[in-house]
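Below: the structure, in structure tokens.
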Amino acid sequence: MERVLSNELSLHVGERIHMAGWMHRIRKLGSGMVFVHLRDRAGICQIVVESPEAVASIDGLLVESVVEVEGTVVAEPQAAGGYELHDPAFTVLARVTEALPFPISKPVINAHLDTFLDHAMVGLRAPAKQAIFRLSAAAAHGFRSVLDAKGFTEIATPKILGTASESGANVFAIDYFGKKAFLAQSPQFYKQIMVGVFERVYEVAPVFRAEPHQTIRHLNEYVSMDAEMGFIKDHTTVMAMLTDVIRGILSSLADHCGRELELLKVDMPLAPEMFPTVYFPEAQEWIFEHHGEDCRNEPDLAPQHEKWLGEWAKQTFDSDFLFVTGYPMVKRPFYTAPNPADPRYSNSFDLLFRGTELVTGGQRLNSFEDYAAALEARGMTQEAVASYIETFRFGMPPHGGFAIGLERFVMQLTGLANLREAALFPRDMERLAP
RNA sequence: GGGGUCGUGGUGUAGCUGGUCCAACACGCUGGCCUGUCACGCCGGAGACCACGGGUUCAAAUCCCGUCGAUCCCGCCA
């Protein structure tokens, strides 16, 4: 007999069926009656256990025991979902006899994040936790399908590198057969190189940052959704593409993740056709005028500034997204293209999502001469990035791209208090397990 | 790297201007009751030497110092 999932009971009313899953909740009423909530990958349904034999067969089992059950589907208005299983016969597949480190069947899990993460192996089974990662998977899927439809090719670039190229200080060094190697802090060089091959490429993969940060919005390993495209006018071409990607992800979530969005009470973001845009120095002026903080000589925005700008975008433009363009060249990596009208500023952008940095992107340099000059200006040698800049000697179109932090996206979407909650098994300065 | 906060049963907290605390409440576990529970309800029970080490005091969960652990902010970034 084929296994029926918990969301398929309505198709089998009156039939004798087989189900299997975890005993999510066990409610014993006196005089022998027991309600068992069975959890499988599709959801949760209820089993009514009344016969003394059936009650005896699950005696001593604690929640998360795995069972197979044969029973009769009954339409029952009193049951959540309207259907339940009667006259069950259980087969125990895995017996649990000790209590969980913390209860996972309550709507709210009462455990500190640190405690939760220590026991993420079982904690992640909680429906509300599952929902976070189903959304995460759906967001990555949405990213891929939008870009697939726009002629992008998915690539897989190496995560073990021979040179700590981009900035040097914040990469993890590893031993590679006796040679020094580094974990990739971004696929930046390779995705640009691959623009020379495919014009449009993307990658969804982990990146590694050795930054010693200790905040609610940083991880030392996270999933970066990178895209890079050739034949652009300037960074605004990239911003338009990014806008389509974000809007595409959101509509795909709305279409396919209704259950998760509802369970997590997600407030769907305001994402207008055109995201509002503010030029970096103007953003600083605005902050000075409206919040009295003079950051006009700073080369970057502080988290508090981004929060203010996010609120402003929402109130003024009905948008949870805000582009900040033209970050000063001094704060951008060497491959960044300057603003031709004012070379102090760059043709790059950040996308703020509800006041937190979600995406960085921009136009890149594309001529070899520009790379040679940029490296020299920063005191870097061509040798250090030899195979990368060789690309630009052999014909590279104007190009640019962006990188979305997947966990950041999910955190801001669902209103999580800590980025670690958006990673299955987060890596931070202190945590290497599980 | 700089700064702040916090460590009390398996989990989350209260107690922390020292004595009434061999530590309380909720969840979980457990014995019993209820044939419609679904964050059920009711009556019992087990489970903590209050992170660790030292000090002050007649008296320390409570005050002081140190260690370890956790956590947040800034810097940096996505």
Side-chain angles (χ1 to χ4, degrees), chain A residues 24-38 44-52 55 60 62-64 74 76-82 84 86 96-119 122-123 128 166-167 169-170 185-188 206-226 298-306 327 331-333 349-353 356-361 402-412 417-420 422-423 428-431:
Chain A
H24 185 67
R25 188 197 297 271
I26 304 167
R27 289 235 44 80
K28 288 180 187 164
L29 271 62
S31 64
M33 193 188 198
V34 181
F35 291 98
V36 172
H37 289 191
L38 188 76
I44 293 169
C45 70
Q46 177 162 276
I47 303 167
V48 183
V49 191
E50 286 183 286
S51 80
V55 170
L62 296 190
V63 289
E64 293 306 300
V74 173
E76 173 55 72
Q78 292 176 95
E84 61 188 14
H86 284 203
V96 174
T97 52
E98 69 180 300
L100 293 170
F102 43 79
I104 65 169
S105 64
K106 300 279 172 182
V108 180
I109 292 189
N110 247 344
H112 278 151
L113 184 56
D114 187 53
T115 308
F116 176 83
L117 293 176
D118 281 343
H119 303 281
V122 290
E166 247 190 272
S167 54
N170 54 356
Q185 59 154 317
S186 101
Q188 181 63 33
V207 295
F208 306 90
R209 302 278 167 97
E211 305 282 355
H213 31 224
Q214 192 60 268
T215 78
I216 55 166
R217 60 184 187 286
H218 290 95
L219 294 171
N220 293 292
E221 175 179 353
Y222 68 93
V223 175
S224 182
M225 301 198 291
D226 271 84
E298 298 293 325
D300 204 354
L301 298 174
Q304 180 59 59
H305 302 152
E306 293 174 344
Y327 281 80
K331 286 301 286 184
R332 291 302 194 180
F349 60 83
D350 274 5
L351 179 66
L352 307 185
F353 178 19
T356 291
E357 206 171 313
L358 174 69
V359 186
T360 289
F402 57 83
I404 305 174
L406 175 58
E407 293 88 348
R408 282 259 178 109
F409 176 78
V410 172
M411 169 178 164
Q412 293 301 88
N418 194 308
L419 188 62
R420 290 165 181 81
D428 61 35
M429 279 185 81
E430 304 299 334
R431 182 171 291 280

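When both distances must be under 3.5 Å, the Watson-Crick or G-U wobble mate of C76(B) does not exist. Nucleotide G7(B) is matched to C68(B) when pairs are restricted to Watson-Crick or G-U wobble geometry with both distances under 3.5 angstrom. Pairing for U56(B) is absent, with no Watson-Crick or G-U wobble pair whose two atom distances lie under 3.5 Å. C25(B): Watson-Crick or G-U partner is G12(B), with both key distances under 3.5 Å.
Rounded to the nearest Å, the gap between the C1' atom of A23(B) and that of A14(B) is 11 Å.
For E211(A) against G1(B), a side-chain-to-base donor-acceptor contact under 3.5 Å is absent.
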Polar atom pairs (N or O), protein with nucleotides 2-10 of chain B, under 3.5 Å:
unit_1: G10(B); atom_1: O2'; unit_2: P101(A); atom_2: O; d: 2.8

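The backbone N or O of L113(A) lies less than 3.5 Å from no partner atom in the side chain of R420(A), so there is not a single donor-acceptor pair.
Y222(A) and R408(A) share no side-chain donor-acceptor pair at under 3.5 Å.
Atom P of nucleotide U37(B) and atom NZ of K28(A) are separated by 19 Å, given to the nearest angstrom. Here C34(B) presents its C1' atom at 11 Å from CE of M33(A), a figure rounded to the nearest Å. When the P atom of G75(B) is taken as reference, atom CD of E306(A) falls 9 Å away, rounded to whole Å. Residue D428(A) contributes atom CG, which lies 19 Å from atom P of A78(B) at whole-angstrom precision.
Taking only side-chain nitrogens and oxygens, H213(A) never comes nearer than 4.0 Å to OP1 or OP2 of G75(B). For C72(B), the OP1/OP2 oxygens have a side-chain nitrogen or oxygen of N418(A) closer than 4.0 Å. The shortest distance between the side-chain N/O atoms of T115(A) and the OP1/OP2 oxygens of U11(B) is not below 4.0 Å. At C74(B), one or more side-chain N or O atoms of R217(A) fall inside 4.0 Å of OP1 or OP2 (strictly under the cut-off).
Residues satisfying the side-chain hydrogen bond (donor to acceptor under 3.5 Å, both in side chains) criterion with D118(A), sequence neighbours excluded, are R431(A). In this structure, the ring-ring contact (aromatic ring centres under 6.0 Å, His included) partners of F116(A), at least two apart in sequence or on a different chain, are F102(A).
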